[in-house]
J.: 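Just dropping this structure here.
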Amino acid sequence: MQQIVGILIVLGSVFGGFFMMGGAFHQIWQPIELIVIAGAGLGALVIGNPPHVLKELMTQIKKVITKKKYDSEFQRQLLLLMYELLQLAAGGLKALDAHVEAPKDSPLFQRYPRVLEEPKLLAFIVDNFRLMAMGKINAHELEGVLEQELEAIHTELEQPAKSLNKIGEAMPGFGILAAVLGIVITMNTVSEGATSGEIAEHVGAAMVGTFIGIFLCYGLIDPLCNVLKQLVNSEAANKETVKVVLVTHVAGKPPLLAIDAGRRLVQLNIKPSFAQLERWINDLEGRDSAPADDNARRGGRGAKAA
C-alpha cells in the first residue's frame, strides 16, 4: 500500500504540474518512445545478467508487490521454531533427523507456516542443524563457517538490485537515444517541406523521450531498487538471527539464552522485548507467565540439557 501511495504522489506531482501549466495529454503520450526506451532497458537487463539473477529479481519484485513483510508475527514464529529445535537438540542432534530431512512434512515445522514460506531461510536452518549433527564443532568454528556463508548469500541476493540500478542509471541515456531518433525523423520532414508547426510538433514529441528516460530512472526504478535492497537486508537479518542462536547454543548456553541472543538482532521496529519472548515461550509450553525464580529454574534445566 505504501508503494502504491508513493507512486500516486509521484504521478500526481509530475503530471499534475504539467497539466496545471497548460499541457495536454496528447503532447506527452508517445507510445513509440516508451517502447524504444523500455525495450532497450529490458534488453540490456537480459544481456547483462544470467538467468538465475533475473529469476531472483522477479521473485524479489513479487515480494514487494504482494507486500510480504517480516513483521512481529514472523519473528515470533522464527524464534519459537528455533526454540523448539534447540529443545529437541538437547536430547541429541539425532532426534532432529526426521524434522530437518523433510521440514515441509514435519509437524514441528508445519506449526510455523511463515518460516516454511521462506525457502532460503528454511534451507539455511536445516543445513546448519545437519552440519552440527555431522560431527563435533565448536562455537568459534561454527561462527566462521556461518559468516562466510551469509556473506556469500548476501552478495548473491544483492545482485538483482544492483543490476536493476544500473539499468535505471542508463534510462536517461536511452531517453536521449529515443530523442535523437525523433530528431532524425524531424529532419526528414524538413526535407519534405514540413511547416514550422509540424516541425515543432515533431521536436516536442522527440523531447518526450528524454523526459520518459529521466522519469523512469528517478521516479520509479531508483525507488524500486531501494525497496529491494531493504528487502534483502531484512532477509539477511533473519539469517543473522538464526546464526547467533546456533552459535550461542553450541557455546553451551541454555535454549532460552540462545533465543534471546538471536532476539537482539531483530530489527528495532519489530523487535520483541525479553518479557514478550518469555510470554511466547510460556504460551508454547502451555503455562502462564512464570515468576522469576521459576524462569531461573527453567534456564537451569536448559543449561543441563544443553
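All residue numbers refer to positions in the sequence shown, counting from 1.
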J.: Can you sort out the partners of Ser13 under side chain to side chain contact (heavy atoms under 4.5 Å, CB included), two or more places apart, ordered by chain and number?
T.: Ile9
J.: Step through it carefully: locate the ring centre of Phe215, locate the ring centre of Phe15, and say whether they are under 6.0 Å apart.
T.: yes
J.: Sequence neighbours excluded, which residues qualify as side chain to side chain contact (heavy atoms under 4.5 Å, CB included) partners of Val100?
T.: Leu96, Val126, Phe129, Arg130
J.: For Ser163 versus Asn49, what's the shortest heavy-atom pair and its separation?
T.: OG-OD1, 2.5 Å
J.: Thinking salt bridges, do Glu117 and Lys63 make one under a 4.0 Å N-O criterion?
T.: no
J.: Going from CG on Asn233 to CG on Leu228, what distance comes out if it is rounded to the nearest 0.5 angstrom?
T.: 11.0 Å
J.: Spell out, yes or no, whether Leu277 and Val115 are grouped together once hydrophobic residues are joined by side-chain heavy atoms under 4.5 Å, including indirect joins.
T.: yes
J.: How far does CD1 of Ile199 sit from CE of Met187, to the nearest 0.5 angstrom?
T.: 7.0 Å
J.: Could you give the distance from CG (Leu142) to CD1 (Ile137), rounded to the nearest 0.5 Å?
T.: 5.0 Å
J.: Answer with yes or no whether the side chains of Gln267 and Tyr70 bring together a donor and an acceptor at under 3.5 Å.
T.: no
J.: Hey, quick one: are Val10 and Tyr218 part of the same hydrophobic cluster, counting side-chain heavy atoms closer than 4.5 Å, chains of contacts allowed?
T.: no
J.: Answer yes or no: are there more than 12 heavy-atom neighbours, outside Gln159 itself, under 6.0 Å from its atom CD?
T.: yes
J.: Determine whether a donor-acceptor pair (N or O, by modelled atom type, separation under 3.5 Å) exists between the side chain of Glu33 and the backbone of Gln30.
T.: no
J.: Sub-3.5 Å donor-acceptor pair from the side chain of Ser106 to the main-chain atoms of Ala102, do we have one?
T.: no
J.: Can you tell whether the side chains of Arg264 and Asp260 come within less than 4.0 Å, N to carboxylate O?
T.: yes
J.: Under 3.5 Å, is there a donor on one side chain and an acceptor on the other for His52 and Glu56?
T.: no
J.: Would Gln75 and Asn238 count as having a side-chain donor-acceptor pair, cut-off 3.5 Å?
T.: yes
J.: Evaluate Leu122 against Phe109 for side-chain contact (heavy atoms from CB on, under 4.5 Å), listing each step before the verdict.
T.: CA-CA 10 Å; Leu122 183 63; Phe109 279 90; 3.6 Å; yes
J.: Within this structure, what is the CG-CZ distance for the pair Asn282 and Arg279, rounded to the nearest 0.5 Å?
T.: 9.5 Å
J.: If you group Ile, Leu, Val, Met, Phe, Trp and Tyr by side-chain heavy-atom gaps below 4.5 Å, do Ile65 and Ile7 land in one group?
T.: yes
J.: Take Glu156 and Lys120, measure what salt bridge (Lys or Arg N to Asp or Glu O under 4.0 Å) needs, and give me the verdict at the end.
T.: CA-CA 12 Å; Glu156 184 172 345; Lys120 296 183 183 66; over 6 Å; no
J.: Ile32 and Met171: same hydrophobic cluster, using ILVMFWY side-chain contacts below 4.5 Å?
T.: no
J.: Check the surroundings of atom NZ in Lys271: do more than 12 heavy atoms from other residues, nucleotides or ligands lie under 6.0 Å from it?
T.: yes
J.: Could you tell me whether the side chain of Asn128 and the main chain of Leu131 form a donor-acceptor pair under 3.5 Å?
T.: no
J.: Does the pair Glu149 and Lys239 meet the rule for a salt bridge (Lys or Arg N to Asp or Glu O under 4.0 Å), with working shown?
T.: CA-CA 10 Å; Glu149 182 180 6; Lys239 295 181 181 69; over 6 Å; no
J.: Can you get from Val208 to Leu181 by hopping between Ile, Leu, Val, Met, Phe, Trp and Tyr side chains that sit under 4.5 Å apart?
T.: no
J.: May I ask you to decide if Ala24's main-chain N or O and Gln27's side chain share a donor-acceptor pair within less than 3.5 Å?
T.: yes
J.: Please report the closest heavy-atom contact between Gln60 and Leu231, naming both atoms and the distance.
T.: O-CD2, 3.8 Å
J.: Report the residues that fulfil salt bridge (Lys or Arg N to Asp or Glu O under 4.0 Å) with Glu73, sequence neighbours left out, ordered by chain and then residue number.
T.: Arg76
J.: Kindly give the heavy-atom pair with the smallest separation between Ile37 and Ala178, and that separation in Å.
T.: CG1-CB, 3.9 Å
J.: Flag the pair Asn165 / Glu169 as yes when at least one side-chain heavy-atom distance between them is below 4.5 Å, and no otherwise.
T.: yes
